[in-house]
Amino acid sequence: MTVQNADRATAADDPAAGGPGEALEVWIDQDLCTGDGICAQYAPEVFELDIDGLAYVKSADDELLQEPGATTRVPLPLLADVRDSAKDCPGDCIHVRRVSDKVEVYGPDAA
Ligand code: SF4
């Protein structure tokens, strides 16, 4: 488990995320979601499968956001879990971007 933890990034040690204080948001392209549920396993506070079998992001109030392209803020303590969700998402459809300039830092459109 030590190796796995060592691979986990925080905002403080990940330049891509912009460092501490850089707010991130995440959205899912449901058109590409396979419904496997990996994201909801990694970060159930942020992702949830709906009755249609597709994953959606949730608001800070635990509300499922079903509008296309809906975003939610990434809580800093969950950054590693959300990042890993984007990296392991088989649909390549989880997009994590900076709130400030909308640049994607994790996901299929990340530089
Ligand atoms: S990991 Fe990706 S493909 Fe799988 S349920 Fe989540 S968003 Fe959909």
Side-chain angles (χ1 to χ4, degrees):
M1 290 304 111
T2 305
V3 171
Q4 190 178 27
N5 287 340
D7 186 44
R8 299 215 140 192
T10 67
D13 65 16
D14 192 341
E22 181 70 59
L24 300 177
E25 60 189 10
V26 57
W27 66 280
I28 295 174
D29 181 352
Q30 279 81 24
D31 288 345
L32 299 176
C33 177
T34 70
D36 57 84
I38 289 175
C39 56
Q41 289 178 19
Y42 283 13
E45 302 89 345
V46 176
F47 305 111
E48 186 175 312
L49 294 183
D50 197 14
I51 195 167
D52 62 4
L54 302 176
Y56 295 85
V57 296
K58 300 198 289 188
S59 72
D61 298 332
D62 212 34
E63 178 193 356
L64 211 57
L65 304 177
Q66 295 174 296
E67 306 82 25
T71 64
T72 193
R73 289 290 184 100
V74 179
L76 190 56
L78 299 177
L79 174 59
D81 294 324
V82 171
R83 179 207 63 178
D84 290 348
S85 298
K87 287 187 170 180
D88 293 345
C89 170
D92 272 340
C93 55
I94 297 177
H95 302 262
V96 183
R97 65 189 184 191
R98 291 194 294 256
V99 171
S100 58
D101 57 9
K102 305 300 183 190
V103 170
E104 186 158 313
V105 293
Y106 306 119
D109 298 331

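Hydrogens, waters and symmetry mates are skipped; everything else that's a heavy atom, side chains included, is used. Just follow the structure's listing: the first ligand is 1, and inside any ligand the first atom is 1.
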Margin query: If you define the side chain from C-beta out and look only at heavy atoms, does anything of V96 sit under 4.5 Å from R83?
Written below: no

Margin query: Distances under 2.8 Å only: what protein N/O/S atoms are near atom 2 (Fe) of ligand 1, ordered by chain and residue?
Written below: C89 SG

Notebook entry, point to check: Can you tell if the side chain of C93 reaches within under 4.5 Å of the side chain of Q30, non-hydrogen atoms only?
Noted result: no

Checklist line | E67 side chain near L65 side chain, heavy-atom distance below 4.5 Å | finding: yes

Margin query: Between T72 and K58 (side chain of the first, backbone of the second, donor and acceptor by atom type, cut-off under 3.5 Å), is there such a pair?
Written below: yes

Margin query: For the residue pair S59 / D61, report whether a side-chain donor-acceptor contact shorter than 3.5 Å exists.
Written below: no

Margin query: I need the single residue from R73, R98, R97 that forms a salt bridge (Lys or Arg N to Asp or Glu O under 4.0 Å) with E25. Which is it?
Written below: R97

Check: At a 4.0 Å threshold, what atoms of ligand 1 neighbour a non-hydrogen atom of G37?
Finding: 4 (Fe), 5 (S)

